[in-house]
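Each remark here refers to the structure printed beneath this line.
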Amino acid sequence: MARVTYVQPDGSERTCTNFEGMAVMHLAVGNLVDGIDALCGGVRQCGTCHVYVDENWADRVGPPGAEEGEMLEALADYIEVRPTSRLSCQIHITEELDGLRVHVPKDQPGI
Ligand code: FES
(Lines give C-alpha, C1' and ligand atoms only; values in the text may rest on other atoms or scores of the structure.)
Protein backbone atom coordinates (compact mmCIF):
# COMPACT_ATOMS: atom_id res chain seq x y z
CA MET A 1 0.00 0.00 0.00
CA ALA A 2 1.12 3.53 -0.67
CA ARG A 3 -0.23 6.89 0.41
CA VAL A 4 -0.38 10.11 -1.57
CA THR A 5 -1.33 13.44 -0.02
CA TYR A 6 -2.97 16.07 -2.22
CA VAL A 7 -2.57 19.62 -0.95
CA GLN A 8 -5.10 22.16 -2.20
CA PRO A 9 -4.27 25.82 -2.91
CA ASP A 10 -6.02 26.77 0.37
CA GLY A 11 -3.71 24.46 2.32
CA SER A 12 -6.27 21.75 2.99
CA GLU A 13 -4.98 18.22 2.54
CA ARG A 14 -6.37 14.84 1.62
CA THR A 15 -4.43 11.59 1.90
CA CYS A 16 -5.48 8.67 -0.30
CA THR A 17 -4.20 5.12 -0.22
CA ASN A 18 -3.93 2.49 -2.87
CA PHE A 19 -1.82 -0.32 -4.18
CA GLU A 20 1.33 0.35 -6.12
CA GLY A 21 1.19 0.79 -9.87
CA MET A 22 -1.72 3.17 -10.00
CA ALA A 23 -1.10 6.66 -11.37
CA VAL A 24 -1.27 9.57 -8.96
CA MET A 25 -3.99 10.94 -11.27
CA HIS A 26 -6.14 7.79 -11.10
CA LEU A 27 -5.92 7.73 -7.33
CA ALA A 28 -7.08 11.36 -7.22
CA VAL A 29 -9.96 10.85 -9.66
CA GLY A 30 -11.09 7.70 -7.86
CA ASN A 31 -11.24 9.63 -4.61
CA LEU A 32 -12.84 12.77 -6.10
CA VAL A 33 -9.90 14.99 -5.21
CA ASP A 34 -10.72 18.56 -6.25
CA GLY A 35 -8.73 20.16 -9.06
CA ILE A 36 -7.62 17.04 -10.89
CA ASP A 37 -10.08 16.52 -13.72
CA ALA A 38 -7.90 14.38 -16.01
CA LEU A 39 -10.13 14.99 -18.99
CA CYS A 40 -8.04 12.99 -21.47
CA GLY A 41 -7.99 9.93 -19.26
CA GLY A 42 -4.24 9.84 -18.86
CA VAL A 43 -2.76 10.11 -22.34
CA ARG A 44 -0.86 13.41 -21.87
CA GLN A 45 -3.23 15.45 -24.01
CA CYS A 46 -5.08 17.73 -21.60
CA GLY A 47 -2.89 18.87 -18.72
CA THR A 48 -5.85 18.91 -16.35
CA CYS A 49 -4.02 16.48 -14.09
CA HIS A 50 -1.11 18.91 -13.59
CA VAL A 51 0.40 18.99 -10.10
CA TYR A 52 3.43 20.45 -8.39
CA VAL A 53 5.41 17.71 -6.74
CA ASP A 54 6.41 18.72 -3.22
CA GLU A 55 10.02 19.95 -3.18
CA ASN A 56 10.94 17.21 -0.68
CA TRP A 57 9.79 14.56 -3.13
CA ALA A 58 10.97 16.00 -6.43
CA ASP A 59 14.20 13.97 -6.59
CA ARG A 60 12.43 10.70 -5.86
CA VAL A 61 9.68 11.34 -8.39
CA GLY A 62 12.13 12.53 -11.01
CA PRO A 63 11.69 14.76 -14.06
CA PRO A 64 9.04 14.39 -16.75
CA GLY A 65 9.71 12.18 -19.72
CA ALA A 66 10.29 13.75 -23.14
CA GLU A 67 6.66 13.81 -24.31
CA GLU A 68 5.38 14.89 -20.92
CA GLY A 69 7.98 17.66 -20.89
CA GLU A 70 6.78 18.88 -24.28
CA MET A 71 3.22 18.98 -22.99
CA LEU A 72 4.28 20.97 -19.93
CA GLU A 73 6.16 23.41 -22.15
CA ALA A 74 3.04 23.94 -24.23
CA LEU A 75 0.95 24.44 -21.08
CA ALA A 76 3.29 27.15 -19.83
CA ASP A 77 1.49 29.61 -22.13
CA TYR A 78 -1.70 29.08 -20.12
CA ILE A 79 -0.82 28.05 -16.58
CA GLU A 80 2.03 28.46 -14.12
CA VAL A 81 4.51 25.68 -14.80
CA ARG A 82 7.28 25.25 -12.22
CA PRO A 83 10.43 23.09 -12.08
CA THR A 84 8.49 20.53 -10.02
CA SER A 85 5.49 20.42 -12.38
CA ARG A 86 4.37 16.99 -13.49
CA LEU A 87 1.36 15.46 -15.15
CA SER A 88 0.01 13.25 -12.40
CA CYS A 89 -1.17 10.70 -14.96
CA GLN A 90 2.49 10.02 -15.63
CA ILE A 91 3.54 9.45 -12.01
CA HIS A 92 3.04 5.84 -11.02
CA ILE A 93 2.86 5.01 -7.36
CA THR A 94 5.63 2.78 -6.10
CA GLU A 95 6.66 1.64 -2.64
CA GLU A 96 9.43 4.24 -2.84
CA LEU A 97 6.80 6.96 -3.25
CA ASP A 98 4.75 5.97 -0.20
CA GLY A 99 3.97 9.28 1.55
CA LEU A 100 4.28 11.38 -1.61
CA ARG A 101 2.90 14.92 -1.40
CA VAL A 102 1.68 16.80 -4.44
CA HIS A 103 0.21 20.30 -4.64
CA VAL A 104 -2.87 20.90 -6.74
CA PRO A 105 -2.49 24.13 -8.77
CA LYS A 106 -4.91 26.99 -8.36
CA ASP A 107 -5.59 27.01 -12.08
CA GLN A 108 -5.71 24.14 -14.55
CA PRO A 109 -5.76 24.60 -18.31
CA GLY A 110 -9.14 25.19 -19.91
CA ILE A 111 -10.09 22.75 -22.62
S1 FES B 1 -4.96 13.14 -17.68
FE2 FES B 1 -4.73 14.39 -19.43
S3 FES B 1 -2.64 14.89 -19.40
FE4 FES B 1 -2.87 13.67 -17.64
Side-chain angles (χ1 to χ4, degrees):
M1 300 288 275
R3 296 159 297 148
V4 177
T5 296
Y6 301 85
V7 184
Q8 294 293 329
D10 67 0
S12 62
E13 298 185 3
R14 178 112 176 266
T15 298
C16 303
T17 305
N18 213 309
F19 296 103
E20 296 163 32
M22 180 176 255
V24 170
M25 174 277 276
H26 284 120
L27 183 58
V29 169
N31 285 280
L32 303 177
V33 171
D34 283 342
I36 299 182
D37 294 333
L39 297 177
C40 77
V43 293
R44 298 185 303 256
Q45 297 298 310
C46 71
T48 61
C49 66
H50 171 228
V51 295
Y52 304 118
V53 174
D54 191 278
E55 301 273 350
N56 295 322
W57 286 88
D59 285 349
R60 261 177 283 184
V61 172
E67 290 181 28
E68 181 187 350
E70 287 173 16
M71 182 65 182
L72 287 167
E73 271 184 46
L75 289 171
D77 290 340
Y78 308 99
I79 58 172
E80 182 185 353
V81 174
R82 301 176 186 168
T84 58
S85 286
R86 289 292 310 267
L87 299 177
S88 61
C89 63
Q90 303 301 306
I91 305 172
H92 293 277
I93 300 165
T94 62
E95 186 179 347
E96 195 179 44
L97 295 183
D98 180 30
L100 173 65
R101 292 173 65 82
V102 297
H103 300 263
V104 178
K106 191 168 169 224
D107 297 309
Q108 294 287 33
I111 301 293

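Just so it is clear, the structure is predicted and the values come from calculations on it, not from any experiment.
Pairs engaging residues 59-70 under the side-chain hydrogen bond (donor to acceptor under 3.5 Å, both in side chains) rule: R44-E67, E68-R86 [sequence neighbours left out]. Each ring pair (Phe, Tyr, Trp, His ring centres under 6.0 Å) pair with one or both residues in residues 65-107, not counting sequence neighbours, would appear here, but there are none.
No salt bridge links E80 with K106; every basic N to acidic carboxylate O contact stays at or beyond 4.0 Å.
Distance check: I79 CD1 to H50 NE2 gives 4.5 Å after rounding to the nearest 0.5 Å. The OG1 atom of T94 sits 3.5 Å away from atom CG of L97, with the distance rounded to the nearest 0.5 Å.
Considering every non-hydrogen atom in both T84 and A58, the closest pair reads CG2-CB, 4.0 Å. Between I36 and C49, the shortest heavy-atom distance links the atoms CG2-CA, 3.9 Å. What you find for L87 and G47 is that their closest heavy atoms are CD2-CA, 3.9 Å. Smallest separation of non-hydrogen atoms from G42 and Q90: O-NE2, 3.5 Å. Nearest approach of C40 to C46, heavy atoms of both residues: N-SG, 3.5 Å. Here the closest non-hydrogen pair linking V4 and I93 is CG2-CD1, 3.9 Å.
Linking ILVMFWY side-chain heavy atoms closer than 4.5 Å, directly or via other members, places V61 and V104 in a single hydrophobic cluster. In the hydrophobic clustering of this structure, M22 groups with W57; members are Ile, Leu, Val, Met, Phe, Trp, Tyr whose side-chain heavy atoms approach within less than 4.5 Å, directly or through other members.
Here the side chain of D98 pairs a donor or acceptor atom with the backbone of R3 at under 3.5 angstrom. Using a distance-only test at 3.5 Å, with no hydrogens or angles considered, no donor-acceptor pair links the side chain of N31 to the main chain of V33. Proximity of a side-chain donor or acceptor of D37 to a complementary backbone N or O of L39 within less than 3.5 Å is not detected. Not a single donor-acceptor pair under 3.5 Å links the side chain of S88 to the backbone N or O of V24. In terms of modelled atom types and a separation under 3.5 Å, the side chain of Q108 and the main chain of G35 share a donor-acceptor contact.
For the side chain to side chain contact (heavy atoms under 4.5 Å, CB included) with Y6, the qualifying choice from L100, V51, L27, D34 is L27, the only one to do so.
Atom CD of E55 has 12 or fewer heavy atoms from other residues, nucleotides or ligands within 6.0 Å.
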>> Determine whether R101 and V7 satisfy the following criterion, side-chain contact (heavy atoms from CB on, under 4.5 Å), listing intermediate values before the conclusion.
In response: CA-CA 7 Å; R101 292 173 65 82; V7 184; 3.5 Å; yes
